[in-house]
Novice: 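This is the structure I want to talk about, given as structure tokens.
Labels below follow one simple rule: chain letters A, B, ... track the order of the sequence lines, proteins then strands, and each chain is numbered from 1. Because the structure is predicted, anything quoted here is derived from the model rather than measured.
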2 protein chains.
Amino acid sequence: MSQQTAKKTKQNKPSYHHGDLRSTLLNAANALLRETGIEGLSLRKLADKVGVSRTAPYHHFKDKNQLLCAIAEQGFVRWHQDAEFIFNQKGLLPQEKYRQFFHGYISYAADNPELYDLMFGRTIWKQNSATEELRKAAFPSFHHQVEMTKKWQAQGLMPSGEDTLRLSQVTWGTMHGIARLLIDGIYADRSHIDAMCDCAVNLFTQHISEVKG
Amino acid sequence: MSQQTAKKTKQNKPSYHHGDLRSTLLNAANALLRETGIEGLSLRKLADKVGVSRTAPYHHFKDKNQLLCAIAEQGFVRWHQDAEFIFNQKGLLPQEKYRQFFHGYISYAADNPELYDLMFGRTIWKQNSATEELRKAAFPSFHHQVEMTKKWQAQGLMPSGEDTLRLSQVTWGTMHGIARLLIDGIYADRSHIDAMCDCAVNLFTQHISEVKG
DNA sequence: TTGTTATCTTGACAGCGTCAACATATGCTT
DNA sequence: AAGCATATGTTGACGCTGTCAAGATAACAA
């Protein structure tokens with residue numbers, strides 16, 4: 001019993017082939033992920049929701065892992081766009097830009113908790129099951145973080161005495177840790193998110209007045 | 001087909017009742033968790049390993065969740081002991097003590113990755129499925145962190161201008177984030193753990209020479 | 001048109017958590 | 001000591017899961 005409209009041709013007659021199943025699956029999977037989390041996302045429910053048989057998705061994704069990687073990949077692309085937007089703003093003091101970046105990161109996680117869990121969780125990375133496409137989408141985000149840290153050190157915003165790689169690992173670790181404590185249900189009270197972010201930014205940065213880049 | 005020695009009486013005859021099944025299950029579950037992670041820990045494998053039928057564990061744990069909570073509870077007790085040992089050391093400079101605490105936290109996570117995942121992961125907390133016993137074992141750890149932060153602020157080790165709760169949320173978030181990035185397989189290279197911890201400690205503390213307590 | 005390939009279907013299997021019904025041992029009450 | 005309640009163990013069954021195998025259908029290329 002299919003939950004969704006059955007696949008149709010342009011003449012609105014049901015057809016054996018779907019025609020656009022891969023992207024339809026991806027969209028439905030995103031919605032299902034958001035509603036039920038990774039644990040609740042089953043291929044069978046997904047197929048049922050889209051209106052195809054249980055094994056139809058296997059012609060577009062080798063297995064469940066490949067579907068999950070494809071979803072995560074989209075998540076990285078979208079986050080990268082958000083980050084780029086923040087970095088490309090003109091006329092902001094470095095500290096204000098860093099502050100927005102920090103808040104933006106936590107907001108992205110808080111707004112897409114299940115997606116964030118998938119993007120940075122052990123389901124994919126600990127099993128070493130990331131596809132090549134996913135790695136290509138994810139690594140630039142990591143790398144970008146290091147590049148920006150180097151720049152912030154040069155600007156005097158962050159302590160130049162610390163090794164750049166270590167510093168970016170720690171600052172990213174902080175964002176990741178706060179994000180996880182939030183989305184995993186340990187920090188139940190979300191009314192203090194902004195205050196927490198501001199506190200972290202204060203700890204990591206020194207006030208400077210000149211805009212260098 | 002049981003994998004383990006069948007339960008025996010003192011006369012070495014197999015007996016219908018196990019006699020100590022609950023703690024036997026807990027021990028075996030700990031081992032299984034360490035080997036296979038939460039995902040790989042199934043009640044059926046566990047029962048088989050211990051040499052009882054699939055449903056025998058249900059007489060000692062209401063469901064799988066209660067077993068997981070019991071394991072996590074032990075994890076919090078053990079961590080609390082480790083932390084107490086560090087805090088009770090005499091004659092250490094505050095910064096050195098904080099440094100050891102930070103390293104100790106990360107080491108505990110790195111040495112017991114699957115247990116840490118269970119203790120602080122969404123399996124338990126996001127589903128809001130923690131038992132009362134688990135909460136009683138976990139909350140003191142959270143609370144203790146706040147108390148120590150207050151002390152460190154008073155000692156001048158940490159910035160007194162920040163709200164204590166926010167500060168402890170951020171510092172704990174940092175430890176948690178680094179721990180998770182490690183055990184979830186995102187920071188694959190573990191040779192820099194100590195350097196990362198030291199970098200974080202540097203960022204969060206100011207050098208002071210007097211031992212106040 | 002014919003044959004190849006892509007796509008979708010049903011059937012099947014093993015593993016999972018867990019409920020129901022039944023079996024057996026333990027231990028308390030008389 | 002006898003009997004009965006309770007604790008603890010067992011097998012059977014159900015619905016859920018991911019995924020393989022084999023067959024059906026449509027699209028496409030020669």
Side-chain angles (χ1 to χ4, degrees), chain A residues 1-11 13-26 28-29 32-33 36-71 123-124 127 129, chain B residues 1-11 13-26 28-29 32-33 35-71 118 123-124 127 129:
Chain A
M1 184 168 57
S2 67
Q3 313 286 5
Q4 199 89 340
T5 61
K7 59 277 178 179
K8 322 240 180 178
T9 63
K10 289 168 189 168
Q11 294 82 31
K13 279 187 284 184
S15 80
Y16 192 81
H17 284 357
H18 183 283
D20 196 23
L21 187 52
R22 193 191 140 94
S23 66
T24 304
L25 284 171
L26 266 179
L32 210 50
L33 176 72
T36 66
I38 300 180
E39 298 306 319
L41 200 172
S42 85
L43 286 182
R44 297 172 100 111
K45 267 189 287 187
L46 175 62
D48 190 51
K49 191 174 182 180
V50 169
V52 293
S53 73
R54 333 167 217 115
T55 57
Y58 283 87
H59 291 273
H60 302 273
F61 302 97
K62 185 180 148 292
D63 53 20
K64 188 179 182 179
N65 176 67
Q66 287 225 352
L67 171 67
L68 294 179
C69 285
I71 301 170
T123 303
I124 288 179
Q127 324 286 344
S129 64
Chain B
M1 186 168 55
S2 67
Q3 312 285 5
Q4 200 90 339
T5 60
K7 59 277 177 178
K8 321 238 180 178
T9 63
K10 290 169 189 168
Q11 295 82 30
K13 280 188 283 184
S15 80
Y16 192 83
H17 283 11
H18 183 284
D20 197 22
L21 187 52
R22 193 192 140 94
S23 67
T24 304
L25 283 170
L26 266 179
L32 210 52
L33 176 71
E35 295 163 17
T36 66
I38 300 179
E39 297 307 319
L41 199 172
S42 84
L43 285 184
R44 298 172 100 109
K45 268 190 285 186
L46 175 62
D48 191 50
K49 192 176 182 179
V50 169
V52 293
S53 72
R54 323 162 229 124
T55 57
Y58 283 88
H59 290 276
H60 301 273
F61 302 96
K62 185 180 147 291
D63 53 20
K64 188 179 183 180
N65 175 67
Q66 287 225 353
L67 171 67
L68 294 179
C69 286
I71 302 172
L118 182 60
T123 303
I124 288 179
Q127 325 284 344
S129 65

Novice: Can you name the nearest heavy-atom pair linking A:Lys49 to A:Ala28, along with the distance?
Specialist: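 Closest approach of A:Lys49 to A:Ala28: NZ-O, 4.1 Å.
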Novice: Pick out which of B:Asp63, B:Leu33, B:Thr123 makes a side chain to side chain contact (heavy atoms under 4.5 Å, CB included) with B:Leu68.
Specialist: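 Per the side chain to side chain contact (heavy atoms under 4.5 Å, CB included) rule, the option paired with B:Leu68 is B:Thr123, out of B:Asp63, B:Leu33, B:Thr123.
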Novice: Output the rounded distance in Å from NZ (A:Lys49) to P (D:dT17).
Specialist: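 Between P of D:dT17 and NZ of A:Lys49: 14 Å.
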Novice: What is the minimum heavy-atom distance between A:Leu21 and A:Ala56, and which atoms define it?
Specialist: CD2-CB, 4.1 Å
Novice: Could you go through residues 38-46 of chain B and list every donor-acceptor pair under 3.5 Å that involves a side-chain atom there, pairing it with any protein atom two or more places apart or in another chain?
Specialist:
from	atom 1	to	atom 2	distance (Å)
B:Ser42	OG	B:Lys45	N	3.0
B:Lys45	NZ	B:Gly40	O	2.7

Novice: Select one nucleotide: of D:dG9, D:dC20, C:dA12, the one nearest the side-chain heavy atoms of A:Thr55.
Specialist: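 That would be D:dC20.
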Novice: Using the C1' atoms of the five pairs at each end, what is the angle between the end axes of the helix from C:dT1-D:dA30 to C:dT30-D:dA1, to 10°?
Specialist: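 The end axes of the helix from C:dT1-D:dA30 to C:dT30-D:dA1 are about 10° apart, to the nearest 10°.
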Novice: Rounding to a whole Å, what distance do you find between A:Arg22:CZ and C:dA6:P?
Specialist: 15 Å
Novice: What pair of heavy atoms forms the shortest contact from A:Arg22 to A:Phe61, and how long is it?
Specialist: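 Looks like NH1-CE2, 3.3 Å.
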Novice: Name all residues meeting the side-chain hydrogen bond (donor to acceptor under 3.5 Å, both in side chains) criterion together with A:Ser129; count only those two or more places apart in sequence or in a different chain, and write none if there are none.
Specialist: A:Asn65
Novice: Return the residues of residues 57-66 of chain B meeting this criterion: a heavy atom under 4.0 Å from some atom of DNA chain C. Order them by number, or give none.
Specialist: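 Close to the strand are B:Tyr58, B:Asp63, B:Lys64.
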Novice: Which listed nucleotide (D:dT10, C:dC8, C:dT10) is nearest to the side chain of A:Ala56?
Specialist: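 Ranking D:dT10, C:dC8, C:dT10 by closest atom to the A:Ala56 side chain puts C:dC8 first.
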Novice: Whole angstrom is fine here: how far is it from CG in B:Leu43 over to C1' in C:dG15?
Specialist: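 Roughly 13 Å, once rounded to whole Å.
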Novice: Measure from CD on B:Glu39 to P on D:dT17 and round the result to the nearest Å.
Specialist: 15 Å
Novice: I need the CZ-C1' distance between B:Arg44 and D:dG15, as an integer number of Å.
Specialist: 12 Å
Novice: Shortest non-hydrogen contact from A:Ser53 to A:Ala47?
Specialist: O-CB, 3.3 Å
Novice: Quickly work out the A:Asp48 CG to C:dT10 C1' distance and round it to whole Å.
Specialist: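 Taking atom C1' of C:dT10 as the reference, CG of A:Asp48 is at 15 Å.
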Novice: Taking any heavy-atom pair under 4.0 Å as a contact, classify B:Ser53: base, sugar-phosphate, or nothing.
Specialist: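 Since a base atom lies under 4.0 Å of B:Ser53, the category is base.
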Novice: Using whole Å, report how far CG of A:Asp20 lies from C1' of C:dC8.
Specialist: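 In whole Å, C:dC8 C1' lies 15 Å from A:Asp20 CG.
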Novice: May I have the distance from B:Arg54 (atom CZ) to C:dC19 (atom P), rounded to whole angstrom?
Specialist: 14 Å
Novice: Looking at B:Ser42, does any N or O in its side chain come under 4.0 Å of the phosphate oxygens OP1/OP2 on C:dC16?
Specialist: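 Checking C:dC16 against B:Ser42, a side-chain N or O does come within under 4.0 Å of OP1 or OP2.
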